[in-house]
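This report concerns only the one structure given below.
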Amino acid sequence: MTTGAEGKAAAPDIQTGITQNKSGPQVWLWTLDNGLRVAYERRAGPGFALDLRIPVGSAHDPAGFQGSAGVLEEWLFKGAGGRSARALQDAFDDLGVRRGGGVGPEATRFGVSGLNADLPGALALLADVLLRPDLPDAELAVLLDLARQDLEGLEDSPPDLLAVQARSVAFDGAAAAPFAGFAHPASGTPEGLAAITPASLREFLTRYGGSGSVLGLVADADPDAVHELMARTFAEWRTGRNDLVTARFLPGLRSHLPFEDGEQTHISLSSPGIAPLHPHWLHWQLAITALSGGSASRLFHAVREERGLAYSVSASPVVLGGQGFLSTYAGSTPARAPETLEVLLAELGRLPQGLTEAEFVRAKTGLTASVVFGAESLRARATSLTRDVAVFGRIRSVADLRGQLAALTLDDVNAFLEGYDPAGQATTVTLGPVAVEETAAAEVNHV
């Protein structure tokens, strides 16, 4: 069963059917029998881009089998539809399509782009990978070794290592049971990789299916033909599972991960934010842009330009378990890490006082520009379609987003910020040769 055409010209954000939007592209949203939602935007041009989001990520790894999602995604391409791994890769290359994707905390993504004429062939190959994979046992040992190497590589990337540690501290692992949750990278853990077997991964694959999955497509093709192609291609795909992994935030904690060979101290602050479906979502996005949206932002000016405390400083929104969180990062020298942390907390603590008119205008202009230019790329727009349907439950048109941003006022944003205190609930995690508290004590003794 598919959804019928609904909607009006003045209402581009719809949940089913077609949007006839005179100021922008036409979009359709269909739901197939197995639950797969297809978001299609017709755009004149020679190429297509699709992004398939399956709601199975590293957080869904079974407890004790960390790394399942990451290894499975690699295993799927080791032969499918009667083709060997080499033949499958050659088939993609023969079409001239570009392939991408990967595993995140909450989803696995498959991306393909190429010429419009090759869309049916590319979809057929992707369907073979998902519906008819060979999953050869002999390949699994190699993939597990590669995952272990990737884990070892984390030691060479302190920011990535810090991000894993920050999630481990900031979120209650017990709340995610029976899933492993957010406290490990997609590569897994040494213990989890050791437990993975061909049988355990085949069982894990049964989570894949249409339920909760979204395919975003931008192309130039007749919508009826696209709908028929999607329905035929995925007709045999199972329903699968669509489980939300709970992200229970633990506020006000402090933790340090020793990194004796490091020359820097890396600082991570995790704070509660705004959920995507909350009416103040855009208010929050604009405030974060003012906080960390370029060389005129508060963090860049206070941490780097005024004091020279850190070469890299940033704040960004994170969505986990249907909730929004603010992640703030800076890398500083061990000696200046205490001051860096103090300034970060001070800038977060200033948010409830509101933005200035100049900050508001700059942030609104920056957000509007990112919406406009982000829609220019076919692949970026396909990813946006997928994210919109998966996270917001609808297709958000560029025109509508611009209209919502234009309607925001400084008073609106500042009224929201009055009740938003990310500093008061921040959980702090540091990584470096010496804990920040110890560094502070050493400086006091030296003075």
Side-chain angles (χ1 to χ4, degrees), residues 34-36 50-89 92 99-112 125-151 153-154 164 176 178-215 234 236-245 386 390:
N34 58 15
L36 173 65
L50 70 83
D51 177 72
L52 174 62
R53 180 190 188 275
I54 300 173
V56 180
S58 59
H60 294 90
D61 290 345
F65 293 81
Q66 289 89 333
S68 295
V71 175
L72 175 60
E73 189 263 344
E74 295 278 355
W75 202 23
L76 289 172
F77 286 94
K78 294 303 180 181
R83 302 178 184 87
S84 66
R86 178 60 184 269
L88 180 63
Q89 182 58 57
F92 278 107
R99 192 162 57 81
V103 176
E106 296 188 299
T108 299
R109 308 185 84 105
F110 299 88
V112 184
L125 289 175
L126 182 57
D128 280 343
V129 169
L130 296 173
L131 280 68
R132 292 170 285 276
D134 290 350
L135 304 179
D137 290 5
E139 296 283 355
L140 186 55
V142 175
L143 297 178
L144 291 171
D145 282 341
L146 290 174
R148 292 185 184 97
Q149 292 177 40
D150 193 56
L151 279 180
L154 276 179
V164 173
F179 305 109
F182 302 101
H184 66 281
S187 300
T189 65
E191 299 78 12
L193 294 173
I196 290 173
T197 66
S200 74
L201 279 191
R202 289 190 177 94
E203 173 63 26
F204 189 72
L205 177 58
T206 63
R207 304 195 68 86
Y208 275 37
S211 180
S213 294
V214 182
L215 191 153
F234 293 101
E236 298 177 9
W237 203 22
R238 66 176 70 88
T239 301
R241 298 283 298 276
N242 181 23
D243 295 306
L244 183 69
V245 180
T386 302

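Side chains included, hydrogens not; waters and symmetry mates left out as well; all remaining heavy atoms used. It should be emphasised that the depicted structure is a prediction, and the values quoted were computed from it without experimental measurement.
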Min side-chain heavy-atom separation [X]-[Y] under 4.5 Å:
X: L135; Y: L76; value: yes
X: L201; Y: S68; value: yes
X: P55; Y: E106; value: no
X: E74; Y: L146; value: no
X: W75; Y: R202; value: yes
X: V214; Y: L52; value: no
X: S213; Y: V56; value: no
X: S58; Y: F182; value: no

- Output yes when K78 and D137 qualify as a salt bridge under the 4.0 Å nitrogen-oxygen rule, no when they do not. no

- So does D128 pair up with R83, basic N to acidic O under 4.0 Å? yes

- Task: For the pair Y208 and F110, name the ring-plane relationship: parallel under 30°, tilted 30 to 60°, perpendicular over 60°.
- Result: perpendicular

- Message: In terms of relative ring orientation, are F92 and F77 parallel, tilted or perpendicular, with 30° and 60° separating the classes?
- Response: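 Aromatic pair F92/F77 classed tilted.
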
- T197 and L140: side chain to side chain contact (heavy atoms under 4.5 Å, CB included), yes or no, with the steps? CA-CA 8 Å; T197 66; L140 186 55; 5.7 Å; no

- Item | Considering all heavy atoms, the nearest L205-P133 contact |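 So the minimum-distance heavy-atom pair works out to CD2-CG, 4.1 Å.
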
- Residue list, side chain to side chain donor-acceptor pair (under 3.5 Å) with N242, at least two apart or on another chain: none

Calculate, to the nearest 0.5 Å, the distance between atoms [atom1] and [atom2] belonging to [X] and [Y] respectively.
X: R148; Y: T189; atom1: CZ; atom2: OG1; value: 10.0 Å
X: R109; Y: I54; atom1: CZ; atom2: CD1; value: 10.5 Å
X: L154; Y: Q149; atom1: CG; atom2: CD; value: 13.0 Å

Quick one: does any side-chain atom of [X] pair with a main-chain N or O of [Y] as donor and acceptor, under 3.5 Å?
X: D61; Y: A180; answer: no
X: Q89; Y: A87; answer: no
X: S187; Y: D150; answer: no

